Protein chains: 2
Amino acid sequence: MANLKQINRITTGGKGLPKSLRRHAVRPTPQRLAILRELAARKIHPDAETIYEQVRQRLPAISLDTVYRNLRLLEARGLIMRVTTVRERARYDADLSPHSHFICSKCSRVLDVPVSALRPIPAEADAFGTVASVHVEFRGLCHQCRTVADGQQGQ
Amino acid sequence: MANLKQINRITTGGKGLPKSLRRHAVRPTPQRLAILRELAARKIHPDAETIYEQVRQRLPAISLDTVYRNLRLLEARGLIMRVTTVRERARYDADLSPHSHFICSKCSRVLDVPVSALRPIPAEADAFGTVASVHVEFRGLCHQCRTVADGQQGQ
DNA sequence: CTTAAAACAGGAATAATTACTATTGTAAAC
DNA sequence: GTTTACAATAGTAATTATTCCTGTTTTAAG
């Protein structure tokens, strides 16, 4: 699946979406389909609560937990993605010089990435509004954790 | 809180930091100085809890709320910055094609920013580890909100 | 010294999210 | 076409990071 046009074509009632879910080893339950359709149909990038309110009109018995559970599952299976970053403790920096961060997904260490490792953000983004701040965040395995993982495959 | 002056003497290493705080219209209280020093001394980009644990060794009576309150204040005054993004409801997207987002700080609408508005992220970031994901987020006023703001100054 | 404002400690409250538990739906085996 | 096993669900309780509230202490100014 992977793109909006495909999903949109599918969500108008065809059998494509259920098939696509099965391909990803996800059972196409009514709740799941409703959530996914709601996400694909709208461009507003809704949050769990908004999806819940909408889906409830069709499936009045659905629970908020089901929405959360399925968003998590669908994200894990690579069928949808988060717009906002991972929700974790806020971290601070006294260094105000322009730079970015690499966050290790295993040890959660935060490394400074100098601007030279990025291209400067162009003014084109101004097309969408008055840009007040830009946040660039890399996630992955840091060298240390990668080395350990290479040696002993698990954990 | 007893003998604050003693504490003040202890936590006040040099006079530079207090002066800098005053320049930003922030009163250089011992707690504040300790928090800021902790942040500046370490490169680990600590979270509130970590700062709290550290500062507590010098100022055992400090409260966690004071740490949070001051981090907020120092950020608002432009003396420190968050490494992670604003902590708000997670939003999802069914469009997995590479693109970025502009989030309006007023109406919190999320607009899609095509990759063409960004330069592709270079492989240089690999110097820090194995990059699994890159997240780019713009924040500011969207056109609609800006127009409204121009017309009627308040709100 | 007195007084007003800012900052504080401690604990209660909030909001988003996740965990738990008993129940229901469903796919496959018989 | 039942039975069986397991995934998914609803409803609610719990958790976690953060903020709010109240009464007190500290600081700065008159």
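Throughout, protein chains are lettered first and strands after them, A, B, ... in sequence-line order, and every chain is numbered starting at 1. Worth knowing before you read on, the calculation uses all heavy atoms, side chains too, and leaves out hydrogens, waters and symmetry mates. Since the structure is predicted, the reported quantities are computational estimates derived from the model, not experimental observations.
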Participant: Produce a footprint string for nucleotides 6-18 of chain D: one letter per nucleotide, 5' end first; B if the base is under 4.0 Å from any protein heavy atom, S if only the sugar-phosphate is, - if neither.
Facilitator: -BSBBBB----SB

Participant: Tell me every residue that passes side-chain contact (heavy atoms from CB on, under 4.5 Å) with A/R69, counting only those two or more places apart in sequence or in another chain.
Facilitator: A/D65, A/T66, A/R72

Participant: Test of understanding: with side-chain hydrogen bond (donor to acceptor under 3.5 Å, both in side chains), list the residues that count as partners of A/H135, not counting sequence neighbours.
Facilitator: A/E137

Participant: How close or far is atom P of C/dA9 from atom CZ of B/R56, stated in whole angstroms?
Facilitator: 11 Å

Participant: My understanding is that only residues two or more places apart in sequence, or in another chain, count here; which of them pass side-chain hydrogen bond (donor to acceptor under 3.5 Å, both in side chains) with B/E88?
Facilitator: B/R139

Participant: Within this structure, what is the CG-to-C1' distance between A/L71 and C/dT18, rounded to whole angstrom?
Facilitator: 13 Å

Participant: Could you list who else is in A/V83's hydrophobic cluster, with ILVMFWY side chains joined at under 4.5 Å, directly or through other members?
Facilitator: B/I103, B/V110

Participant: Just to verify, what does B/R109 make a side-chain hydrogen bond (donor to acceptor under 3.5 Å, both in side chains) with, not counting sequence neighbours?
Facilitator: B/Q144

